[in-house]
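Structure first, commentary second.
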Amino acid sequence: MDIVQELLAGSPRALSRAITAIENEYEEAFSIMQKLYPHTGKAHVIGITGPPGAGKSTLTDKLAKKYRENGKTVGIIAVDPTSPFSGGAILGDRIRMNELTMDPGVFIRSMGTRGSLGGLSLKTSDAAKIMDAAGKEIIFIETVGVGQSEVDIVKAADTTIVVLVPGLGDDIQAIKAGILEIGDLFVINKADRDGVERLNTELEMMLDLNQNKVKWRPAVNRTIASRGVGIDELMEKIEEHRTYLQESGELALRRTQRTRDELLALLEEQISRRVTEKMRASGELDFLVASIEQRRQDPYSVVAALLDAYLI
Ligand SMILES: Nc1nc2c(ncn2[C@@H]2O[C@H](COP(=O)(O)OP(=O)(O)OP(=O)(O)O)[C@@H](O)[C@H]2O)c(=O)[nH]1
Ligand SMILES: [Mg+2]
């Protein structure tokens, strides 16, 4: 059996190998994705993002357990754009998610940058597709931070949860522009700490101002993830959002938009890769750089000529 057949038959080893192939840009990655693409599109993908240490992994762990109790299979992708490490779960997460890793209905995988941020969002969404094809019904993508790369990463999600904690101070002002747009649900975790009311009021105010732009008014949930408080309510909200997405037609719209974005991103990546590979192989890169530096050629004409030469 080839890796895709094994994966479709439920082999965790094949699932792991397929994601490694994507991550390391192995030659076989492309054909793996080609073969499993028809089996994707079934999972509900939940993005969880927020500042470092907000409790994203703890929340994911608790939510995953709830979904398991409801008989759903779960995939978890922990993305850390600041870490070069990947492979199995990161040590800290592995300890916290110990029970989950013993459960064959859960597959956990962490992904780092391996030195470059480029392509991480594409790889993350491929990893989610692989888990989807492997039959995982609920897929969590946990990513730290609220910068542009995280925004790109959570684009692969159907429901995005932004996790905040009290006591962030002025940080909330700095991050509000980005998070308002991407959050379908907001969580104030560590609700056992001071400053919950203030943060809640601030968030509600910002969401009210933003309300005319969106059909779905994101709810603000309070949780104490470490103690499992508020998890049932959060799960209810996630399911409410899922129903909203389906019934309003928003899910179809988002998926069309995502298919378009992904097609264009893939095209861009492949064009750039092909041309770069051929330039490297022919050894003309250094020559062209020198020639541009000496103003014998300009980069614009060089790029036009390269595309003509290599794209047909
Ligand atoms: N007091 C309190 N601590 C919590 C709560 N939720 C999580 N923690 C603790 O906060 C710490 C960080 O939790 P994580 O779940 O690792 O947070 P994270 O957002 O995944 O962290 P990174 O992935 O490193 O960004 C851990 O020590 C948790 O036990 C909570 O509701 N209240
Ligand atoms: Mg974490």
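Read the numbers this way: they start at 1 and go in the same order the structure lists the ligands and their atoms.
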**Asked** Looking only at N/O atoms, are Pro52 and ligand 1 under 3.5 Å apart anywhere?
**Response** no
**Request:** Could you tell me whether Gln294 atom CD has more than 12 heavy atoms of other residues or ligands within 6.0 Å of it?
**Result:** yes
**Prompt:** Would one find an N or O of Ala54, backbone or side chain, under 3.5 Å from an N or O of ligand 1?
**Reply:** yes
**Prompt:** Does a sphere of radius 6.0 Å around CZ in Arg274 hold more than 12 heavy atoms from other residues, nucleotides or ligands, not counting ones at 6.0 Å or beyond?
**Reply:** no
**Message:** Under 4.0 Å, heavy-atom basis, I'd like to know which part of Asp192 is in contact with ligand 1: side chain, backbone, both or neither.
**Reply:** side chain
**Message:** I'd like to check which ligand 1 atoms, numbered from 1 as shown, lie under 4.0 Å from a non-hydrogen atom of Ile224.
**Reply:** 30 (C), 31 (O), 32 (N)
**Complete:** Of all the N, O or S atoms in Glu142, the one nearest to the Mg ion (ligand 2) is OE2
**Message:** Can you confirm whether Lys62 is buried at NZ, in the sense that more than 12 heavy atoms of other residues, nucleotides or ligands lie under 6.0 Å from that atom?
**Reply:** yes
**Prompt:** If you draw a 6.0 Å radius around CD in Gln270, do more than 12 non-hydrogen atoms from other residues or ligands fall strictly inside?
**Reply:** yes
**Item:** Which segment of Arg227 sits under 4.0 Å of ligand 1 when only heavy atoms are counted
**Value:** neither
**Asked** Considering only heavy atoms from C-beta outward, does the side chain of Asp158 approach that of Arg255 to under 4.5 Å?
**Response** yes
**Prompt:** Is the distance between the Mg ion (ligand 2) and the nearest N/O/S atom of Thr58 smaller than 2.8 Å?
**Reply:** no
**Request:** State, yes or no, whether a side-chain contact exists between Glu23 and Arg109 at a heavy-atom distance under 4.5 Å.
**Result:** yes
**Prompt:** Do Leu266 and Glu262 come close enough that some side-chain heavy atom pair is under 4.5 Å?
**Reply:** no
**Request:** Identify which of Ser226, Ser110, Ala78, Gly230 has a heavy atom lying nearest to atom 3 (N) of ligand 1.
**Result:** Ser226
**Message:** Between ligand 1 and Arg193, is the shortest N or O to N or O distance under 3.5 Å?
**Reply:** no
**Item:** Proximal atoms of ligand 1 relative to Lys56 (non-hydrogen, under 4.0 Å)
**Value:** 15 (O), 17 (O), 18 (P), 19 (O), 20 (O), 21 (O), 22 (P), 25 (O)
